[in-house]
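Residue numbers start from 1 in every chain, and the chains themselves are labelled A, B, ... in the order their sequence lines are given, proteins ahead of strands.
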Amino acid sequence: DSGVTQTPKHLITATGQRVTLRCSPRSGDLSVYWYQQSLDQGLQFLIQYYNGEERAKGNILERFSAQQFPDLHSELNLSSLELGDSALYFCASSLRTGITHEQYFGPGTRLTVT
Amino acid sequence: AQKITQTQPGMFVQEKEAVTLDCTYDTSDPSYGLFWYKQPSSGEMIFLIYQGSYDQQNATEGRYSLNFQKARKSANLVISASQLGDSAMYFCAMREGQGDYKLSFGAGTTVTVRA
């Protein structure tokens, strides 16, 4: 158990819909990252938050948005869903201090868009 | 350009033998970190081992060791004494810069351990 929690574990929805994925980082971790894993694109970085503020953006679609709340949990909002958005969405967290800054991943949310 | 290249899509290894998973990387940043993660069929991503660009010695963690060849920009993972539970997808990843920055992942290598 990495200490990072994600809900829900599975989500099935229809095209055009909107969903929210939730992540709680490990205790003490201030950085939260979102990654998307799909068969055609592999593992891609979407966005990073640090202590409530957006820190870095990757290949995140405009239909997607995220935020990190004062209690450090984060939500990834996906709207106007398309079939191609079906993927495994991971949240990861890491310590700001230290040397390695290894990221610990949650179990993922498997999104299926039908 | 691909930052991380894993050229072996799949490998078979006999139980109790060692296996080497290849990883090459591309960066112009002198400060970077290299990571290996394991993804079993259940889907979670498990951190295995880390190597910093300034580390003089190769990293080791139990049965995992990282063969770091900086001049060749390679960071191969060696799993010794393979176990059936090692069957999984393995990802090489890189963080550029010295801080809590994003990871860039390779395509992964599937390892199947045979009894």
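Both the backbone and the side chain of A/Gln103 come within contact range of chain B, with heavy atoms under 4.5 Å apart. Residue A/Leu43 touches chain B through both its backbone and its side chain, counting heavy-atom pairs closer than 4.5 Å.
Among A/Tyr33, A/Tyr49, A/Trp34, the single residue meeting the side-chain hydrogen bond (donor to acceptor under 3.5 Å, both in side chains) criterion with A/Ser74 is A/Trp34.
Salt bridge absent: B/Glu44 and B/Lys38 never bring a charged side-chain N and a carboxylate O closer than 4.0 Å. Taking 4.0 Å as the cut-off between side-chain N and carboxylate O, A/Glu82 and A/Arg63 count as a salt-bridged pair.
By number of non-hydrogen pairs under 4.5 angstrom with chain B, the leading residue of A/Gln41, A/Gln37, A/Gln44 is A/Gln37.
Annotation: B/Lys73, atom NZ; neighbour count of heavy atoms from other residues, nucleotides and ligands within 6.0 Å is above 12.
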